[in-house]
K.L.:
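Just passing along the structure, written as structure tokens.
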Amino acid sequence: MTDENLDKKSAQHKKRMQSIKEKVDQRIDNAQEERGLIIVITGNGKGKSTSGFGTIARAVGHGLNAAVVQYIKGTWACGERTLLENAGVSFEVMGTGFTWNTQDKEQDIAAAQKVWQRSKELLKDNNIDVILFDELTYMLSYKYIDLDEVLDALKNRPINQHVIITGRGCHRSIIELADTVSEVQSVKHAFDNGVKAQKGIDW
Ligand code: ATP
Ligand code: MG
């Protein structure tokens, strides 16, 4: 390319960037509202809970008060719990009951209800800035927790409180209420090729 052509390309690039910057600046100027958000991370791909925990880590890094409620008890302790508890994040984990392995519906419902009662307290607590409800969507799919009660508690939470909800198949009314919704799509997953869950990556 000749010098003249290079100069022309560079000028075109600069103009394009300037135009993008103006549009972005305009959108930033337009977004002036400050309030708590409801964020939903749903879909079949990997990355929902890790996104939720990543946001909790981000919030804690800014000195915000965060809480995590885990609606499905894994068979192993996840790494983020150890780290975040040490950073002062409160954890509420379904002690007994629901895992993919249990087949005792009554026990699962009781366990879900117990954790939901604690969740409701958090949703009234002005001192909690961010809450992650990890895998909450399943409790609604199975009707272990009443959808209207959840919608009510979310709507009446402190104005500046952020809530993150993760899990597959999020109910449409939660999606409608939410401010930001991402659906993680699975393109491929190592597990399908026989690779077992890896410490530090999958749990
Ligand atoms: P992560 O906790 O890694 O962000 P996730 O929250 O998106 O995953 P879940 O449905 O909660 O996904 O499942 C948690 C576990 O299942 C993780 O070990 C994850 O790697 C694995 N997993 C997630 N998506 C898939 C998939 N599409 N196929 C197989 N395994 C998956
Ligand atoms: Mg998950």
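Treat the numbers as computed from the prediction; the structure is a model and nothing was measured. As the structure lists them, so they are numbered: ligands from 1, and atoms in each ligand from 1. For reference, positions follow the sequence shown, starting with 1.
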K.L.:
Does S186 approach ligand 1 within less than 4.0 angstrom via side chain, backbone, both or neither, non-hydrogen atoms only?
P.N.:
side chain
K.L.:
Which atoms from ligand 1 have a heavy atom of N44 less than 4.0 Å away?
P.N.:
24 (N), 26 (C), 27 (N)
K.L.:
Over all heavy atoms of both residues, which pair between I128 and L122 is shortest? Give the atoms and the distance, please.
P.N.:
CG1-CD2, 4.0 Å
K.L.:
Thinking salt bridges, do D25 and K21 make one under a 4.0 Å N-O criterion?
P.N.:
yes
K.L.:
Verify, without hydrogens or angle tests, whether D179 (side chain) and L37 (backbone) share a donor-acceptor contact under 3.5 angstrom.
P.N.:
no
K.L.:
Where does H189 meet ligand 1, judged by heavy-atom distances below 4.0 Å: at the side chain, the backbone, both, or neither?
P.N.:
side chain
K.L.:
Can you see which heavy atom on L136 is nearest to which on I145, and at what distance?
P.N.:
CD1-CD1, 4.1 Å
K.L.:
Compile the donor-acceptor pairs under 3.5 Å between side chains in residues 45-58 and protein atoms, sequence neighbours left out, one pair per line.
P.N.:
| residue | atom | partner | partner atom | Å |
| --- | --- | --- | --- | --- |
| K46 | NZ | I201 | O | 2.9 |
| K48 | NZ | G43 | O | 3.2 |
| K48 | NZ | G45 | O | 2.7 |
| S49 | OG | D134 | OD1 | 2.6 |
| S49 | OG | D134 | OD2 | 3.4 |
| S49 | OG | E135 | OE2 | 2.9 |
| T50 | OG1 | G47 | O | 3.4 |
| T55 | OG1 | S51 | O | 3.0 |

K.L.:
Hey, what's the ring geometry for Y144 with Y142, parallel, tilted or perpendicular (30° and 60° as the breaks)?
P.N.:
tilted
K.L.:
Taking only heavy atoms of G45, which atoms of ligand 1 are found under 4.0 Å from at least one of them?
P.N.:
7 (O), 24 (N)
K.L.:
Can you figure out which of T50, D134, I72 has its heavy atom closest to atom 4 (O) of ligand 1?
P.N.:
T50
K.L.:
With backbone taken as N, CA, C and O and side chain as the heavy atoms from C-beta onward, which portion of T166 lies under 4.0 Å from ligand 1: side chain, backbone, both, or neither?
P.N.:
neither
K.L.:
Can you tell me if W116 and E149 form a side-chain donor-acceptor pair at under 3.5 Å?
P.N.:
yes
K.L.:
How many protein N, O or S atoms are found at a distance of less than 2.8 Å from the Mg ion (ligand 2)?
P.N.:
2
K.L.:
Hey, mind stepping through R157 and D125 against salt bridge (charged side-chain N to carboxylate O under 4.0 Å, His left out) and telling me if it holds?
P.N.:
CA-CA 8 Å; R157 75 193 194 284; D125 190 339; over 6 Å; no
K.L.:
Side chain to side chain donor-acceptor pair (under 3.5 Å), that's the test. Do T137 and Y71 meet it? Break it down for me.
P.N.:
CA-CA 9 Å; T137 58; Y71 271 95; over 6 Å; no
K.L.:
For ligand 1, which atoms sit closer than 4.0 Å to a heavy atom of G47?
P.N.:
1 (P), 4 (O), 5 (P), 7 (O), 8 (O)
K.L.:
So for ligand 1, is K48 a polar contact partner (N or O within less than 3.5 Å, distance only)?
P.N.:
yes
K.L.:
Near Q185 CD, under 6.0 Å, is it more than 12 heavy atoms from other residues, nucleotides or ligands?
P.N.:
no
K.L.:
Closest heavy-atom contact between L147 and L140?
P.N.:
CA-CD2, 3.9 Å
K.L.:
Number the atoms of ligand 1 from 1 as they appear, then name those within less than 4.0 Å of a heavy atom of D202, with their elements.
P.N.:
17 (C), 18 (O), 19 (C), 20 (O)
K.L.:
I need the atoms of ligand 1 closer than 4.0 Å to a non-hydrogen atom of E135, numbered in the order shown.
P.N.:
11 (O)
K.L.:
Backbone or side chain, does any N or O of W203 fall under 3.5 Å from an N or O of ligand 1?
P.N.:
no
